[in-house]
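Below is one structure; the comments refer to it alone.
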Amino acid sequence: MSGAGPSGASLRLEIPATCESLELVHEATVRVATTAGFASDAAGEIAVAVGEAMTNVVVHAYRREEGHDIVVRYAADASGLRIELEHSGEYPDRLPAGIDLAKLVAERRRGGLGVHLMRRLMDRVAHEEVAPGVGCWILERRRREPKDADRKGPDPSP
Amino acid sequence: MSGAGPSGASLRLEIPATCESLELVHEATVRVATTAGFASDAAGEIAVAVGEAMTNVVVHAYRREEGHDIVVRYAADASGLRIELEHSGEYPDRLPAGIDLAKLVAERRRGGLGVHLMRRLMDRVAHEEVAPGVGCWILERRRREPKDADRKGPDPSP
Amino acid sequence: MPDLEVATRRRGAVVVVEPRGFINAHTVHRFEEVLNRLAADGDARIVISGRSLSYVASAGFGAIMGILEEVRASGGDIRISDLNATVAHIFEVLGFDRLCQTFPTEAEAVESFSTAEAGGKSGDP
Amino acid sequence: MPDLEVATRRRGAVVVVEPRGFINAHTVHRFEEVLNRLAADGDARIVISGRSLSYVASAGFGAIMGILEEVRASGGDIRISDLNATVAHIFEVLGFDRLCQTFPTEAEAVESFSTAEAGGKSGDP
Ligand SMILES: Nc1ncnc2c1ncn2[C@@H]1O[C@H](COP(=O)(O)OP(=O)(O)O)[C@@H](O)[C@H]1O
Ligand SMILES: Nc1ncnc2c1ncn2[C@@H]1O[C@H](COP(=O)(O)OP(=O)(O)O)[C@@H](O)[C@H]1O
């Protein structure tokens, strides 16, 4: 068992990698972020970003196959909140680039927004190979003073 | 990573053993129990019982010391839901016996209800030494047909 | 979204305490503070309305147990109203239904203090 | 407590869709079914009321993207109302505020279909 984070907002969650698990992770994320001092708007946004990463794992990494787990780790400190989602499914060589919403609509696409949304809601989004065959989404959100002034996030609008 | 439970309602949670963590575990328990098919009343009761076990760990096992973690594991199957809470703090040789509420009130006691409440809400409550120095609360609640008919639980009223 | 806020209001000689949120070992101190202050001030006729309570762990019942004797010794009582199904069930399995009277509504609980000073029968067993 | 229920109601020539709960990859199929059925039936004037929505993941926006061209091709549109702060912010960072008009209230969104047939400016940018 690892030690608790400085603000008490540390948590490790191991859960079946299914869409059914998304809401439990959403609720846990809202509570961890709130406990770590984020306002409820910001906590909701962080939870949506974590949900996008988890959906990516369920849908793309494990292709909706049953029987896989995902590990979600939260760590809060004075600078902000970091969330890692570890899995042993497929992962992309590089993250999808920015999106062209009008083009997606013209093509009647129903997806392609996930990574883009994560990037817009978080200060850092990365996917790393942390061990052979083990991929990890890393999401970070810094505290903003005063009270989330820059609500648009750090990613300049394309 | 362990495999998913048969109904998908499996989860492993590792979290600082603090009172602040109680609500996150409560919410997670409600969701796991609901996902496992329990009605919302029953899910609320199971979550309260899990909260009592966790409070016992925070207050009695770790005496409110900081820096300790607790591991909560959920496993659902056709017969019901089993929750284990593992810790490396103090644990009792045997569980406290039944309570005399009038006597506790006369003595102006503000506690002593925790284990009793767990027993009344769950079908099985036990505390075991699962490894040297590692204690584990085990709580089980069976599904009842039809729809939780016997809401009083299995423990005969004292 | 605070985990627990405890509102109080006066209804004649009765004080209504309405905890909003949930009561567990983390939040109970706010509930306890309010009850202790009422007991210390001699505000002995207390109705606890469960209308805005999502759940109560044993710590919340402990807070009531801790002042019940004192309140009754000064001629008052603690009566309960508006419990949701989960809280009502916990109330019952702990035996609190034999310790404190419960009523379906706050109005009935408040009214019970004027009709009979003490020891009436439960309006909602 | 269902995760998502999707209510629909008619307001003149407009259909109001009110998803209650949250939309993520687990629940989106119910939202998608309703939108697809409306598009297939030629019910092309659609207002999505966010009044009872707690949050929407990208899957929910995908469901709208998937039918928007078809709805517009048949002379209709999808307009949005009553977004909470979190949903409004996600709507904006995805660029949906440049794709669909939003309105503070359902009544204004419904009304907008009778004042200008298409392409008006956003009432709540
Ligand atoms: N883990 C992954 N493994 C393989 N391909 C991926 C992965 N994640 C994303 N992709 C590719 O990038 C595209 C966009 O991903 P994403 O932004 O998550 O959109 P979506 O919301 O549709 O999943 C996907 O359609 C897929 O082709
Ligand atoms: N883990 C433990 N270690 C040591 N003593 C314990 C432990 N759990 C319970 N006890 C003893 O049993 C009593 C009753 O416990 P419990 O039913 O949990 O009541 P409470 O709600 O006051 O914690 C405690 O006051 C304590 O003396």
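Hydrogens, waters and symmetry mates play no part in the numbers below; they use all other heavy atoms, side chains included. Each chain gets a letter, A, B and so on, in the order its sequence line appears, and its residues count up from 1.
- D:M65 and A:R109 get closest at one heavy-atom pair: CE-O, 3.3 Å.
- Atom CG in A:L121 sits 10.0 Å away from atom OG1 in D:T86 (nearest 0.5 Å).
- Heavy atoms closer than 4.5 Å to chain D are found in the side chain of A:V48, but not in its backbone.
- D:H89 contributes atom NE2, which lies 5.0 Å from atom CD of A:E45 (distance to the nearest 0.5 angstrom).
- When the candidates D:N36, D:V28, D:I67 are compared by the number of heavy-atom contacts under 4.5 Å with chain A, D:N36 comes out ahead.
- Interface remark: D:E32 contributes side-chain atoms only to the contact with chain A (heavy atom separation under 4.5 Å).
- Ranked by heavy-atom pairs under 4.5 Å with chain A, the first of D:N24, D:V56, D:T27 is D:N24.
- Looking at D:L94, the atoms closer than 4.5 Å to chain A (heavy atoms on both sides) sit in the backbone and in the side chain alike.
- Of all non-hydrogen atoms in A:D41 and D:A85, the two that sit nearest each other are OD2-CB, 3.5 Å.
- D:A25 and A:C19 make their closest contact through CB-SG, 3.8 Å (heavy atoms, listed as atom of the first residue, atom of the second, distance).
- By the 4.5 Å heavy-atom criterion applied to side chains, A:E23 and D:H26 are not counted as neighbours.
- Only the side chain of A:E52 comes within contact range of chain D, judged by heavy atoms closer than 4.5 Å.
- Taking CG of A:L113 as the reference point, atom CZ of D:F96 lies at 6.0 Å (rounded to 0.5 Å).
- Checked against the 6.0 Å centroid criterion, the rings of D:Y55 and A:H26 qualify as a close aromatic pair.
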- prompt: Under the side-chain contact (heavy atoms from CB on, under 4.5 Å) criterion, do D:E69 and A:E107 qualify, and how do the steps go?
  reply: CA-CA 9 Å; D:E69 284 291 290; A:E107 292 168 356; over 6 Å; no
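- A distance-only check finds a donor-acceptor pair linking the side chain of A:R120 to the backbone of D:V93 [under 3.5 Å].
- With chain D as partner, the option from A:L22, A:V58, A:T55 having the largest number of non-hydrogen pairs under 4.5 angstrom is A:L22.
- The neighbour count for D:R9 CZ, taken as heavy atoms of other residues, nucleotides or ligands under 6.0 Å away, is above 12.
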